[in-house]
Number of protein chains: 2
Amino acid sequence: MTTPLDLDQLQSFCAIADCGSFTEAARRVNKTQSAVSMQIKRLEERLGQALLSRDGRTVALTEYGDALYARARRMLRINAEIMDVFSDGDLKGSIRFGVPDDYAVRLLPVILSSFQRTHPKIVVDVRCQPSEELLDGMKKGRYDLIVFTQGTNHEYGEMFRTERMFWVASHGGQALATEPLPIAGGLHCCWKENAVEVLNRIGRDYRIAYTSSNAMAIASAVLTDLAVGFLPESALQPGMRVIAEDKDLPRLRDAEIAIMRASHAYGGIYDALASHIVASMGNLDGKDSLPMAAE
Amino acid sequence: MTTPLDLDQLQSFCAIADCGSFTEAARRVNKTQSAVSMQIKRLEERLGQALLSRDGRTVALTEYGDALYARARRMLRINAEIMDVFSDGDLKGSIRFGVPDDYAVRLLPVILSSFQRTHPKIVVDVRCQPSEELLDGMKKGRYDLIVFTQGTNHEYGEMFRTERMFWVASHGGQALATEPLPIAGGLHCCWKENAVEVLNRIGRDYRIAYTSSNAMAIASAVLTDLAVGFLPESALQPGMRVIAEDKDLPRLRDAEIAIMRASHAYGGIYDALASHIVASMGNLDGKDSLPMAAE
DNA sequence: TCCCGATCATCAAATTTCGTGATGGAGAAG
DNA sequence: CTTCTCCATCACGAAATTTGATGATCGGGA
């Protein structure tokens with residue numbers, strides 16, 4: 001036989017990878033910094049490879065660390081799933097949960113209702129805001145757990161889904177042919193940056209015709225032919241026309257959806273919600289995105 | 001936080017589920033029987049549910065045990081995968097590996113060559129035989145690890161793939177229209193049973209026209225219109241015509257492909273090969289595979 | 001029916017493992 | 001240059017686990 005790895009070590013390892021710090025990770029897993037340090041030491045000894053490169057201030061994953069991370073995450077997800085199955089609805093408490101409003105409309109109702117069914121005693125207090133504001137609110141301690149779009153903001157979070165971004169216009173509308181191109185998007189929307197960058201690259205003139213932090217407002221701006229918008233796949237609505245990529249406008253970068261938690265929001269009800277969300281809408285789950293054996 | 005489960009306990013748990021015995025499981029995981037017993041006790045305490053029902057002689061999974069087994073197996077698979085990635089070809093030894101010859105033809109070469117690439121120091125000694133004989137050879141200690149088709153033989157193994165079974169005939173042949181229906185199959189082929197049963201059910205007369213333990217021979221019997229055969233999806237060959245189900249012949253039961261190991265063949269190189277096979281050709285990976293409580 | 005063999009649970013002792021708090025060194029910021 | 005933060009390390013003590021022995025239970029064979 002060979003004794004299996006220690007999930008506790010892997011949890012610490014993932015925590016470090018997520019937040020880039022031993023000290024912070026230690027807080028998250030309720031241990032002292034030295035305990036975490038030794039766990040990693042043992043893990044590295046066990047696997048015979050350096051997993052984390054400590055260059056002075058910053059802690060980063062090595063190639064091997066990368067390969068491990070993806071798999072460790074999968075294991076921890078399953079672990080959370082098990083704990084979830086066995087906590088027969090006896091979990092209770094409340095969670096202050098934030099989500100960008102474009103997701104709220106479509107995906108959220110089904111996800112939360114099925115969660116409510118399995119965890120009737122957990123009250124989920126939902127607030128919808130743009131990602132930027134969610135992150136801000138998180139910093140101020142107003143959320144326990146948020147789903148947000150990892151954009152330019154270099155915030156760490158556990159990524160669990162990528163989403164195609166599309167340029168959309170109304171059916172039969174003129175907006176696309178207008179010069180300069182009228183575009184619509186959230187003011188702080190982290191996708192705007194990519195959209196603008198893409199437009200600059202192809203030298204297309206544009207103007208921001210409409211801005212709102214409310215996704216519904218953007219959608220209606222598009223539907224009424226006020227402007228061309230850029231939306232994630234799951235926010236597309238009937239009546240919208242997706243603009244073929246490379247035809248008029250180049251393809252946008254995929255959006256990366258991640259979960260972020262307050263430092264106290266680990267384990268118990270928080271894991272239950274997080275794993276439920278990941279299981280329901282995660283899409284990069286299956287195999288690991290990347291690396292096989294390193295070099 | 002909440003400390004994750006102990007993979008070591010889960011390993012013992014799965015071992016028990018696989019072989020239906022604490023004592024035997026203890027041997028497999030290199031522990032004493034009492035250690036295993038206490039591990040399960042702790043695991044059950046931790047999850048707050050009975051996982052194994054001990055009715056006198058027999059040990060069986062409870063409903064909760066069932067739910068756990070599938071997930072624990074997934075975790076252990078990932079664990080093996082990790083160990084595999086990190087054992088940089090420093091694993092060495094030889095494995096006596098058996099596989100039914102119908103699989104050997106198509107899938108085996110690619111699987112084994114990629115295995116050879118990542119584990120150059122492991123010598124895989126392949127022998128091809130029908131499942132029945134593989135099981136027999138396993139009992140006699142002639143194999144370390146086999147892939148076989150779980151049929152009527154109530155042998156426990158870790159199932160990792162199901163395969164559609166098809167009735168096949170040659171293109172433009174007469175065999176299908178012949179009365180009684182001439183069929184071809186391995187003598188001890190565990191699928192034959194199902195095929196015959198299906199024919200009896202619809203009252204179709206048949207005769208066994210051709211029998212051989214060599215899959216190639218069966219295939220050529222079909223191709224030369226000597227008989228109608230029944231083959232797994234991955235043994236289909238160009239020139240064969242799949243008979244639409246429910247038209248002339250009812251659908252066959254899916255074949256269940258499983259891995260079985262000798263009692264010493266756990267850990268190290270054996271895990272490496274087993275996890276490679278499962279990763280390469282497993283198809284019921286994602287969600288749970290079935291637990292195989294052996295009575 | 002009675003005994004034997006095998007199986008699983010339990011116990012206390014021994015051992016191993018693990019976490020803690022303190023300490024030290026190294027790098028970054030002021 | 002000093003100070004702060006961060007990670008590694010150490011020795012000690014606590015906790016968890018394994019062990020070997022023992023007991024209880026169940027089936028099979030005589």
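Residue numbers start from 1 in every chain, and the chains themselves are labelled A, B, ... in the order their sequence lines are given, proteins ahead of strands. What you see below is based on every heavy atom in this structure, not just the backbone, and it leaves out hydrogens, waters and symmetry mates.
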**Prompt:** Can you tell me if B/Tyr266 and B/Gln11 form a side-chain donor-acceptor pair at under 3.5 Å?
**Reply:** no
**Fill in**
Heavy-atom nearest pair, B/Ser12 first then B/Ile40, reads C-CD1, 4.4 Å
**Message:** Below 30° counts as parallel, above 60° as perpendicular, anything between as tilted: where do the rings of B/Tyr270 and B/His264 land?
**Reply:** perpendicular
**Item:** Atom pair CD1 (A/Ile82) and CG (B/Leu47), whose distance is rounded to the nearest 0.5 Å
**Value:** 7.5 Å
**Request:** For the pair B/Met83 and A/Leu5, evaluate side chain to side chain contact (heavy atoms under 4.5 Å, CB included) and give the outcome as yes or no after the intermediate values.
**Result:** CA-CA 9 Å; B/Met83 298 314 288; A/Leu5 296 173; 4.0 Å; yes
Can you tell me the distance, in whole Å, between the [atom1] atom of [X] and the [atom2] atom of [N]?
X	N	atom1	atom2	answer
B/Arg54	C/dT7	CZ	C1'	12 Å
A/Leu5	C/dC18	CG	P	12 Å
A/Phe22	C/dG19	CZ	C1'	16 Å
B/Asp8	C/dT17	CG	P	12 Å

**Message:** Please check this pair: side chain of B/Gln33 against backbone of B/Thr23, looking for a donor-acceptor N/O pair closer than 3.5 Å.
**Reply:** no
**Check: B/Leu52 main-chain N/O paired with B/Arg54 side-chain donor or acceptor under 3.5 Å** = yes
**Complete:** Residues in residues 36-45 of chain A with a heavy atom under 4.0 Å of DNA chain C, by number, are A/Met38, A/Gln39, A/Arg42
**Message:** Reading DNA chain D from 5' onward, which residue's closest nucleotide shows up sooner: A/Ala35 or B/Gln9?
**Reply:** A/Ala35
**Request:** Indicate yes or no: at least one non-hydrogen side-chain atom of A/Ile277 is less than 4.5 angstrom from one of A/Phe97.
**Result:** yes
**Asked** Are any non-hydrogen side-chain atoms of B/Ile78 and A/Ile78 less than 4.5 angstrom apart?
**Response** yes
**Request:** Mind running side chain to side chain contact (heavy atoms under 4.5 Å, CB included) on A/Leu76 and A/Phe13 for me, showing each step along the way?
**Result:** CA-CA 11 Å; A/Leu76 291 171; A/Phe13 168 74; over 6 Å; no
**Message:** With hydrogens left out and only the distance checked, is there a donor-acceptor pair under 3.5 Å joining A/Ser34's side chain and the base of C/dG21?
**Reply:** yes
**Fill in**
Footprint ends on DNA chain D, 5' to 3', for atoms under 4.0 angstrom from a heavy atom of chain B, come out as D/dT17 to D/dG27
**Message:** Pair A/Arg73, A/Asp18 - check salt bridge (Lys or Arg N to Asp or Glu O under 4.0 Å), show working.
**Reply:** CA-CA 11 Å; A/Arg73 263 271 163 265; A/Asp18 284 341; 2.4 Å; yes
**Prompt:** Hey, what bend do you get for the helix from C/dT1-D/dA30 to C/dG30-D/dC1 if you fit axes on five pairs at each end, rounded to 10°?
**Reply:** 30°
